[in-house]
Amino acid sequence: EGSEEFLAALKEEETKELEISFHEDKIEKICEFFDTNVTTGLTSEQVALNQGKSGKNTNFGRFERIHEYTKCKRDREFQNILSKNLTNGDIVALKVPQIVPA
């Protein structure tokens, strides 16, 4: 009976809509949430910590049109970073019709 309740709770979680409000938030709030900075981007240390917490960019490779490299601001400079190495808090520059790689 306990496992049935657990499975029912899991199914309920799966059917809930994902609530994303970043498109409504100010950039300062988003940067605070992801502990990043638009001017400087993430530091190498922050990248290592974030990748340790969140793992690899699992969205890379799921879509054919995602570019292999993404222009990303790290350590105060825009750099071409392998899209599979992006992490939470990265500041990226996209061009039309580029798909968000994370």
Student check: side-chain heavy atoms of Thr40 and Lys73 closer than 4.5 Å: no
Let me confirm one number: the CZ-NZ distance from Phe78 to Lys71, rounded to the nearest 0.5 Å. 7.5 Å
pair Leu86-Cys72: side-chain heavy atoms closer than 4.5 Å: yes
Residue list, side chain to side chain donor-acceptor pair (under 3.5 Å) with Asn50, at least two apart or on another chain: none
Check for a donor-acceptor pair, side chain of Asp90 on one end and backbone N or O of Val92 on the other, with a separation under 3.5 Å. no
Report the residues that fulfil ring-ring contact (aromatic ring centres under 6.0 Å, His included) with Phe33, sequence neighbours left out, ordered by chain and then residue number. Phe22
Please report the interatomic distance CD1(Ile27) to CG(Asn37), rounded to the nearest 0.5 Å. 10.0 Å
Please tabulate, one pair per line, all N/O donor-acceptor pairs under 3.5 Å involving side-chain atoms of residues 42-49, not counting sequence neighbours.
from, atom 1, to, atom 2, distance (Å)
Thr43, OG1, Glu45, OE1, 3.4
Thr43, OG1, Gln46, N, 3.1
Thr43, OG1, Gln46, OE1, 3.4
Ser44, OG, Asp75, OD2, 2.6
Gln46, OE1, Thr43, N, 2.8
Gln46, NE2, Asp35, O, 3.1

Closest non-hydrogen atoms of Ser54 and Asn88, given as atom of the first, atom of the second and distance, are CB-ND2, 3.5 Å
Can you give me the closest heavy-atom contact between Thr70 and Ser83, atom names plus distance? OG1-OG, 2.6 Å
Take a 6.0 Å sphere around CD of Gln79 and say whether it holds more than 12 heavy atoms from other residues, nucleotides or ligands. yes
Under the side-chain contact (heavy atoms from CB on, under 4.5 Å) criterion, do Arg74 and Ile91 qualify, and how do the steps go? CA-CA 8 Å; Arg74 290 195 180 162; Ile91 305 296; over 6 Å; no
Less than 4.5 Å apart, side chain to side chain, heavy atoms only: is that true for Ile81 and Tyr69? no
